[in-house]
There are 2 protein chains.
Amino acid sequence: MSDGLQILIVDDEIQIRRFLRISLEAHGYRVYETVDGQEGILKTAQLRPDLIILDMGLPGMDGLEVLKRLREWTQTPVIILSVRDSDRDKVAALDAGADDYLTKPFSMDELLARLRTAQRHAQPQPQAATFTSGHLYVDLTRRLVMVKDAPVKLTPTEYALLRLLIQHAGKVLTHQQILRAVWGPEYVQETHYLRVYFAQLRHKIEVNPALPEIILTEPGVGYRLKTTG
Amino acid sequence: MSDGLQILIVDDEIQIRRFLRISLEAHGYRVYETVDGQEGILKTAQLRPDLIILDMGLPGMDGLEVLKRLREWTQTPVIILSVRDSDRDKVAALDAGADDYLTKPFSMDELLARLRTAQRHAQPQPQAATFTSGHLYVDLTRRLVMVKDAPVKLTPTEYALLRLLIQHAGKVLTHQQILRAVWGPEYVQETHYLRVYFAQLRHKIEVNPALPEIILTEPGVGYRLKTTG
DNA sequence: GAGAACATCAAGAAAGTATCAAGAATGATT
DNA sequence: AATCATTCTTGATACTTTCTTGATGTTCTC
């Protein structure tokens, strides 16, 4: 389904809101409602929805004005609903930054398809999550580990362990925390696993495994990943 | 104006093409025309237009098929024109990767506004239409696979698999990602398929299938396509 | 220096992977 | 409508990598 994407509906007609809510929730979206434009802007700032469905004919501040105000600070996809089918309105809305424009009455299937399209367009550029320490370089998005510019092969467990350390780089992770996170709660007693796997990891990652510079032991407590390098 | 953006029109009706050309050129676009889908794909590969206007009702390969073929290798915005106003057609086109869908007759002002919107959505990610690694050469626009300068026949599934790997070349694709993308979400358990199909692919693509140099296994995780070479 | 915690090595068990091949399903052709 | 060729699906088996376990040596703490 839609993984619980949040949608904000800005429409003054209660029938429309109810119809949209029921249909959208049935398709796995999380729905929020607002009656007027002023509140729509406020809620957008608060909730940070993934998508906005905006009615053109609102009391007070009209839809076009709301859209313009939104576009001053956010690129959240906005789909316009309107009873007016005139070119002038469509062009004005689209050029003000709307992502699509549907004329009432519209079919739910079409709206859903256009929601998916708008959502596709919203895809932001994924920033690479990387970590560096000494000779070690890890790209978490690519699952790539390099030591001295050479790729290193890690087993699934070794990689899970390293990733955990990176996610808490600099902080001490206790034996139990590590065992719980990597192997599961039922393994908290198996401290021997830590010995074995940290030895393997160091062997693959450290320049001199006997004198670790990146994966540090905190005796009696746990392990820690050294930051900066 | 439109900074001389290149637009490719794929439509078999000469009146429509002429009408579009005149209007679009008057607004500063550079216009190219094609009559059928096959040629549309070819021209897209050659010209690399900034935008494509695609008619649904084409002779031979229909618009939806053309769209799907285009989306195998390019994200160039595509605006669909159609005489059919049915939900089914709209949903199919939008979900196949169309950026917008207009029903004939349409107003030129609206089309222009939707062109501007589509253009705004265009993400500058120049995706290569061909891929090379070692003895392997793949032309995604023609669905052509060559090994050591000799064409190789792949089944639809084998090709879908290879195309997925190419689109994420260098990155590790997990078993589940692959199964979901190629076979569908309901097949994520069928890891045996991976074994069978990767063996077949390697047999057709690798010089020595037992010592793969292009399709690499990441044990316990997934597979990866080697870049460069 | 004794005891506890930590590191290392290595081998068997388990899990994951590669390959072959045959039957079922699909689609084109006559 | 039946035949044929291709592709998909499934199963059996051999092989490889990773996990788990135990034995043994080292370092640190008191």
Side-chain angles (χ1 to χ4, degrees), chain A residues 143 145 151-165 172-184 186-225, chain B residues 65 143 145 151-165 172-179 181-184 186-225:
Chain A
R143 202 189 182 277
V145 180
V152 170
K153 276 191 64 173
L154 298 186
T155 73
T157 307
E158 288 164 1
Y159 183 78
L161 190 54
L162 180 58
R163 199 183 53 192
L164 181 70
L165 291 171
V172 181
L173 282 160
T174 68
H175 299 144
Q176 321 234 316
Q177 283 179 312
I178 298 169
L179 287 164
R180 190 186 312 275
V182 175
W183 283 272
E186 63 272 31
Y187 286 74
V188 284
Q189 306 286 359
E190 308 280 349
T191 53
H192 187 42
Y193 277 25
L194 296 176
R195 312 274 138 66
V196 174
Y197 274 91
F198 272 98
Q200 286 176 6
L201 244 189
R202 281 172 170 157
H203 200 76
K204 292 185 178 180
I205 282 173
E206 298 280 0
V207 179
N208 182 355
L211 295 169
E213 295 178 336
I214 298 170
I215 299 173
L216 308 177
T217 302
E218 301 284 346
V221 186
Y223 294 85
R224 182 167 62 87
L225 197 69
Chain B
E65 185 59 29
R143 284 182 171 169
V145 180
V152 170
K153 268 194 69 175
L154 298 186
T155 72
T157 306
E158 287 164 2
Y159 183 78
L161 190 54
L162 179 58
R163 186 165 61 79
L164 181 71
L165 291 172
V172 179
L173 283 161
T174 67
H175 301 141
Q176 320 230 315
Q177 284 178 311
I178 298 168
L179 287 164
V182 175
W183 282 272
E186 62 273 30
Y187 285 74
V188 286
Q189 306 283 2
E190 308 280 350
T191 53
H192 188 43
Y193 277 25
L194 296 177
R195 311 277 134 67
V196 174
Y197 274 91
F198 272 98
Q200 287 175 4
L201 244 189
R202 280 174 171 156
H203 202 76
K204 293 185 178 180
I205 282 173
E206 298 279 358
V207 178
N208 182 355
L211 295 170
E213 295 179 335
I214 298 170
I215 299 174
L216 307 178
T217 301
E218 303 280 348
V221 185
Y223 294 85
R224 185 166 59 86
L225 198 69

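Because only heavy atoms are used, hydrogens play no part in the values below, and waters and symmetry mates are left out as well, while side chains stay in. Predicted model only: the values in this text are computed from it and were never measured. Residue numbers start from 1 in every chain, and the chains themselves are labelled A, B, ... in the order their sequence lines are given, proteins ahead of strands.
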Value in whole Å for how far the [atom2] atom of [N] lies from [atom1] of [X]:
X      : N      : atom1 : atom2 : value
B:F198 : C:dT17 : CZ    : C1'   : 12 Å
A:R195 : D:dC19 : CZ    : P     : 18 Å
B:L211 : C:dT19 : CG    : C1'   : 14 Å
A:E218 : C:dA7  : CD    : P     : 11 Å
B:Y223 : C:dG16 : OH    : P     : 12 Å
B:L201 : C:dT19 : CG    : P     : 12 Å
A:L216 : C:dA7  : CG    : P     : 11 Å

Exercise. Taking side chain to side chain contact (heavy atoms under 4.5 Å, CB included) as the test, write out the residues that go with A:H203, two or more places apart.
Key: A:P209
Exercise. Could you tell me whether B:T217 contacts a base, only the sugar-phosphate backbone, or nothing, with contacts defined as non-hydrogen atoms closer than 4.0 Å?
Key: sugar-phosphate
Quiz item: Mind checking what makes ring-ring contact (aromatic ring centres under 6.0 Å, His included) contact with B:Y159, not counting sequence neighbours?
Solution: none
Quiz item: Would A:Y223 and A:L161 satisfy side-chain contact (heavy atoms from CB on, under 4.5 Å), going step by step from the backbone distance to the final call?
Solution: CA-CA 11 Å; A:Y223 294 85; A:L161 190 54; over 6 Å; no
Got a sec, which residues hit salt bridge (Lys or Arg N to Asp or Glu O under 4.0 Å) with [X], two or more places apart in sequence or on another chain?
X      : result
B:E206 : none
B:R224 : B:E218
A:R180 : none

Quiz prompt | Distance test, side-chain N/O of A:H175 to OP1/OP2 of C:dC6, below 4.0 Å | solution = yes
Practice problem: For each nucleotide in nucleotides 4-17 of chain D, reading 5' to 3', give B when a protein heavy atom comes within less than 4.0 Å of its base, S when such contact involves only the sugar-phosphate, and - otherwise. | Solution: ---SSBBBB----S
